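Computed from a prediction, not measured in an experiment: that's the story for all the values here. Quick note: numbers below take in every heavy atom, side chains included, and nothing from hydrogens, waters or symmetry partners.
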Amino acid sequence: MRNVIRSLRQLRPAFQSQDCVLFSVNVAQESPCHFGLSCQIHSSAYIVADHAETNFVKNHSFVTTTRALSTDAAKLTNRVTETSKAGPLVEYERRIANGELVEGDACQVDTLSELQRLYDDLVESADACQLDRNSEKPVRSGWLWSRLLSHPSYSPVKGLYLFGGVGTGKTMLMDLFFEQLPSNWRKKRIHFHDFMLNVHSMLQKHKGLSDPLDRVAGEISDDAILLCLDEFMVTDVADALILNRLFRHLFNKGIILVATSNRAPDNLYEGGLQRDLFLPFIAALKERCVVHEIGSSVDYRKMTSGEQGFYLVGRDLSGFLKQKFQQLIGEGTATPQEVELVMGRKLQVPLGANGCAYFPFEELCDRPLGAADYFGLFKKFHTLVLEGIPIFGLHNKAAAHRFVTLVDVIYENKARLLCTADGTPQDLFEKILTISEAKSMAPRTSSRSRKNDDSNICVDNELGFTKDRTISRLTEINSREYLEHHAAMLSEKKERMDQNPHEA
């Protein structure tokens, strides 16, 4: 039998040479409010937008805010072979020609060249990678196959890991790439938070198996060989250990990873517990993906008409916020509600009606809640009214972490946020510093003032790196363009429901 197995293993190079891949399976001002009311708010420039929601929809002219440089892209397009009739770079040029994208920076164009290269490689190797969902599925079961496939069956195409600062257009570029992929391919685009929630849920389902992560990897690769993960970040020791073993199985099963992140691979999970056990994943990531940095000196999300949204700065605005909440829900009656979460858990909503949920900040961010709870919330509600966002510091560091996650989930779900806060988005995180920022601070001459400052400062590398993204997203979420887009989505959904009342 050993001789038979040895002979069969020797056949594998012949299969691969035939492109056959085996897979194992503070100023007071009076301003017109969003609802046509006149209101006085003590704040910076953050006020409720002055267009009624119906006008948002009627005058909808949402333009993608992430920009790109058309002239450099045109030069780059000339270097793409004439046989490339589709792909992210081709679509990019089409959108510029149609006026959907306007000028920006050349860094995105360089990234598009990498995405176009990957697209062309995938099209050329689609059969070898078994991307076609209608093709015969790879065989995973059986003792003989498991022995034959004891060695890795890596994909012939390397993936792509894109990283860069906030507002560089990573998500837009990822979406542009994903939208051009053939519909019959085994592909999936998902936010990293949501991906890990699914992994934990599948692990719970396969609890008791000798290697549940192998089964989870098999189910993921059965569904999608091309896996696109947006906002790749690792903050939890359990996730770090899972990722190391999970992606060893996934890469062995032929998975092709496309990921975006704020961090370079070598900086993932920096300073985390038991990081030495995570380092093999970083090595595998760099081996199986081309790493590309998106550089930019501009945050395009801040080029929208920010500071005109639903962000209210100042204390004692509780009554005003509840009035706005009532106007959002219209004739509906707000009542306490319950949201079903994963693994039988439930989230209590203090007040909710017509897709709008009302929470005091403490009930959503001062309790042991996480991404799973927030994703569950926005499966039922499209608008969050959040009262009393505080200035973050050492005393409420855990709440700051949850708030960062909450904003990520709001942004990923394209939901709407109406809130009151003790300061502008920049003010909220002024006392959150990275280690290097803390070291560079000039010492105080007075020991008393130095001690007072130190007691309020929170030195946290993870929060320090993510605060810029949160500030940027809060700015975009409260821009006129974002709110117009949200109102248009609600209008389209209402039209579909009117045409098909059973689709609720």
Minimum heavy-atom distance between [X] and [Y], given as atom pair plus value:
| X | Y | answer |
| --- | --- | --- |
| Ala399 | Asp366 | CB-OD1, 3.2 Å |
| Met202 | Ile220 | CE-CG1, 3.7 Å |
| Ile432 | Gly464 | CG2-N, 3.8 Å |
| Ile256 | Cys129 | CD1-SG, 3.9 Å |
| Ile294 | Lys170 | CD1-CG, 3.6 Å |
| Gly376 | Leu341 | CA-CD2, 3.7 Å |

What pairs with [X] under ring-ring contact (aromatic ring centres under 6.0 Å, His included), at least two apart in sequence or on another chain?
| X | result |
| --- | --- |
| Phe247 | Phe251, Phe281 |
| Phe177 | none |
| Phe163 | none |
| His401 | none |

Scan for salt bridge (Lys or Arg N to Asp or Glu O under 4.0 Å) pairs involving [range], sequence neighbours excluded, and state none if there are none.
| range | value |
| --- | --- |
| residues 373-384 | Arg345-Asp373 |
| residues 188-199 | Asp175-Arg189, Arg189-Asp230, Arg189-Glu412 |
| residues 422-431 | Arg315-Asp422 |
| residues 259-284 | Arg263-Glu462, Asp266-Lys286 |

Between Arg94 and Glu91, is there a side-chain N and carboxylate O pair less than 4.0 Å apart? yes

Is the shortest side-chain N to carboxylate O distance from Asp211 to Arg215 below 4.0 Å? no

Between [X] (side chain) and [Y] (backbone), is there a donor-acceptor pair under 3.5 Å?
| X | Y | value |
| --- | --- | --- |
| Gln116 | Ala86 | yes |
| Lys397 | Cys458 | no |
| Ser479 | Glu476 | yes |
| Arg117 | Ser113 | no |
| Glu437 | Thr434 | yes |
| Ser201 | Leu197 | no |

Rounded to the nearest 0.5 Å, what separates atom [atom1] in [X] from atom [atom2] in [Y]?
| X | Y | atom1 | atom2 | result |
| --- | --- | --- | --- | --- |
| Leu386 | Glu362 | CG | CD | 9.0 Å |
| Ile410 | Leu474 | CD1 | CG | 8.0 Å |
| Asp408 | His193 | CG | NE2 | 4.5 Å |
| Ile225 | Arg186 | CD1 | CZ | 4.0 Å |
| Thr470 | Lys467 | OG1 | NZ | 10.5 Å |
| Leu243 | Leu268 | CG | CG | 9.0 Å |

Check the orientation of Tyr482 and Tyr411. Use parallel for under 30°, tilted for 30 to 60°, and perpendicular for over 60°. parallel

Which class fits the ring pair Tyr269 and Phe278: parallel under 30°, tilted 30 to 60°, perpendicular over 60°? perpendicular

side-chain contact (heavy atoms from CB on, under 4.5 Å) between Ile457 and Leu394, worked out: CA-CA 6 Å; Ile457 288 173; Leu394 185 61; over 6 Å; no

Gln348 atom CD, over 12 foreign heavy atoms within 6.0 Å: yes

Mind checking side chain to side chain contact (heavy atoms under 4.5 Å, CB included) for Pro280 and listing every partner two or more places apart, or none if nothing turns up? Asn244

Output all residues satisfying side chain to side chain contact (heavy atoms under 4.5 Å, CB included) with His200, sequence neighbours left out; order by chain, then residue number. Met196, Asp239, Ile242

By side chain to side chain donor-acceptor pair (under 3.5 Å) - contacts of Thr405 (at least two apart): none

Run the side-chain contact (heavy atoms from CB on, under 4.5 Å) check on Leu250 and Leu257 step by step: do they pass? CA-CA 9 Å; Leu250 286 174; Leu257 175 66; over 6 Å; no

Residue pairs passing the ring pair (Phe, Tyr, Trp, His ring centres under 6.0 Å) test with at least one member in residues 362-384, sequence neighbours excluded, are His382-His486

